[in-house]
Amino acid sequence: MTYGYLADLALILLATKALSMLTGKLQMPQVVGALVAGLVMGPAVLNIIQPSDFLSQVAELGVIVIMFSAGMGTDLNELKQTGKAGLVIAMTGVLVPLAMGTGLMFIFNTGELAMPGSKLLQDLFLGVVLTATSVSITVETLKELGKLSTKVGNAILAAALIDDVLGLVCLTVVTSMAGADVNIVLVLAKILLFFLFAGVLGVLASKALNWYETKVRNRDLRRYPILAFVLCLFMAWAAEEWFGVADIIGAFAAGLIVATTPKGAYTASKFTPLAYLLLTPVFFANLGIGVELPRMDGMILLFTIALVAVGIGSKLIGCGLGAKLCGFRGRQCVQVGCGMACRGEVALIVANKGLAMNIINPVFFGPIIILVVCCAVFTPIMLKAAFRGEAAYEGMEESKLAENFQLTEQVDEVTARLIEGEKRRQGK
């Protein structure tokens, strides 16, 4: 047994903390520092740390905890209210990137770059790659900005969950068109069964946790977070293994279940040190460590620049348009678009699928990696810029704003009556 992984972890934690402090002083989200630390230490720059299965597994556990914590910190009532908006935002956030990505590939996928077979299918596949959204970086940035539980934050979470399902449907349709052994009816049935499974398990788990809390009261609650984490890990595993849905969706669903229990806030507080000390830094650093920048000629370099622009712009336009249709204000539309612009491992998984099926030319895989890196770095910066200078009341729920305005009107009315009474008394 070798112990090099201990040195790797020590370097990752030191570098991510140092660069996070630096980016914080530069008025940038600290997540950017962790991503840059991974890039610098990985094969792309200094080549000090190599990608490994151990780091990948710890990083996967990190993203599960991030989404579990996001679920526990989500206002379920607010999430229900933004469910319709999330559906519209997700649909426009899939259709616009699908169309723009297909158009971009139509322009560049010519001559020697085109693979044998259907050109339309190859063009469509890049559009499918661009439909993916990775919300983990957005969640961490919104938590850092204190905007996760706002109307915009909940809309992004709802849209991201639906976006994953729609992206899976798009991938299934395109791969079935390519002749792969994929049954779209079976895939859709599994997705529906997962949400049914999550609902039933949620009711049972919530009752069990409530019973346990009532039984022990405040005598010994140390096991409560352990039971909640067991639920999280089981739902994340079941989502992937049984239903073919991303594990982070299962983790987020588990967080929502725990949030409905009396000790939801207590449980969430117990995961903050674990995420801060180890899992979150490793997850973000591992994104950078896994990057290996390819050699590119002039045409591929031009394609890369266009891909990054289209990748970010399509989500800004698509999700921003969806938010506008749902009544969000102009600035909120920009915030939603920025929050949905990030890509991650899902985009790479989809691209790998295309390589395996010979739908996409391997020379296009390098630009897709660069797109993922750029989105990961630019999204937190764009989010912070979108929220910069926002007054405190802009982050409040509309219901609370209405209550405040109503209270103000009542105070004004009472004040006016007092003034009128004083005038009458003086007149007498």
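One-based numbering along the sequence shown. The structure displayed is predicted, hence computed values, not measured ones.
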Main-chain N/O of Y212 paired with R223 side-chain donor or acceptor, under 3.5 Å | no
Return the orientation label for the F68 and F271 ring planes: parallel under 30°, perpendicular over 60°, tilted otherwise.
-> perpendicular
Verdict with reasoning, L142 to L157, per side chain to side chain contact (heavy atoms under 4.5 Å, CB included) | CA-CA 11 Å; L142 290 174; L157 283 172; over 6 Å; no
Taking all heavy atoms of C375 and all of A341, pick out the closest pair and write down the distance.
-> SG-O, 3.6 Å
Got a second to check how far K384's NZ is from Q335's CD, nearest 0.5 Å?
-> 14.5 Å
Check: I370 and L307 side chains under 4.5 Å, non-hydrogen atoms | no
Straight-line distance of I312 CD1 to M382 CE, nearest 0.5 Å | 5.0 Å
What are the two closest non-hydrogen atoms of A158 and G86, and how far apart are they?
-> CB-CA, 4.1 Å
Can you tell if the side chain of F125 reaches within under 4.5 Å of the side chain of L121, non-hydrogen atoms only?
-> no
More than 12 heavy atoms of other residues, nucleotides or ligands under 6.0 Å from CZ of F106: is that the case?
-> no
Does a side-chain heavy-atom distance below 4.5 Å link V152 with K147?
-> no
Sequence neighbours excluded, every pair satisfying salt bridge (charged side-chain N to carboxylate O under 4.0 Å, His left out) that has a member inside residues 361-372 = none
Okay, side chain of S69, backbone of V65: is any donor-acceptor separation there less than 3.5 Å?
-> yes
Heavy-atom nearest pair, I300 first then P367, reads CG2-CG, 3.7 Å
With sequence neighbours left out, what residues match T261 under side-chain hydrogen bond (donor to acceptor under 3.5 Å, both in side chains)?
-> Y224
Answer yes or no: is there a side-chain heavy-atom contact under 4.5 Å between L302 and F108?
-> yes
Atom CD1 of I226 and atom OG1 of T267: how far apart are they, to the nearest 0.5 Å?
-> 11.0 Å
With side chains defined as the heavy atoms from C-beta onward, is the minimum distance between L371 and L130 less than 4.5 Å?
-> yes
Test item: L126 and F364 side chains (from C-beta on) under 4.5 Å apart, heavy atoms = no
When rounded to the nearest 0.5 Å, the distance separating CZ of R343 from OG1 of T131 is 8.0 Å
Before giving the answer on side chain to side chain contact (heavy atoms under 4.5 Å, CB included), spell out for V139 and K143 the whole-Å C-alpha distance, their side-chain angles and the decisive distance to 0.1 Å.
-> CA-CA 6 Å; V139 166; K143 284 171 64 177; 4.0 Å; yes
Show the atom names and distances, to 0.1 Å, of all donor-acceptor pairs under 3.5 Å that link a side chain in residues 198-209 to residues at least two apart or in another chain.
none

Pick out which of L148, I156, T133 makes a side-chain contact (heavy atoms from CB on, under 4.5 Å) with T138.
-> I156
CG-CZ distance between L192 and F243, expressed to the nearest 0.5 angstrom | 11.0 Å
Show the numbers, then the answer: is there a side chain to side chain contact (heavy atoms under 4.5 Å, CB included) between L166 and M91?
-> CA-CA 8 Å; L166 294 178; M91 289 183 66; 4.0 Å; yes
Is any side-chain heavy atom of V36 closer than 4.5 Å to a side-chain heavy atom of L22?
-> no
Nearest-0.5 Å distance that lies between atom CD1 in I64 and atom CH2 in W237 = 13.0 Å
Test item: T379 side-chain N/O and A376 main-chain N/O as donor-acceptor pair under 3.5 Å = no
Between F303 and L104, is a side chain to side chain contact (heavy atoms under 4.5 Å, CB included) present by the stated rule, with each step listed?
-> CA-CA 8 Å; F303 173 78; L104 177 66; 4.1 Å; yes
Shortest non-hydrogen contact between F328 and A85, atoms and distance = CE1-CB, 3.9 Å
What closest approach, in Å, do M235 and I257 show between heavy atoms, and which atom pair accounts for it?
-> SD-CD1, 3.7 Å
All heavy atoms of V310 vs all of G101, minimum pair found to be CG1-N, 4.3 Å
Report yes if some heavy atom in the side chain of D163 is under 4.5 Å from a heavy atom in the side chain of K315; otherwise report no.
-> yes
T280, L278, L279 screened by side-chain contact (heavy atoms from CB on, under 4.5 Å) with V282, the one that passes = L278
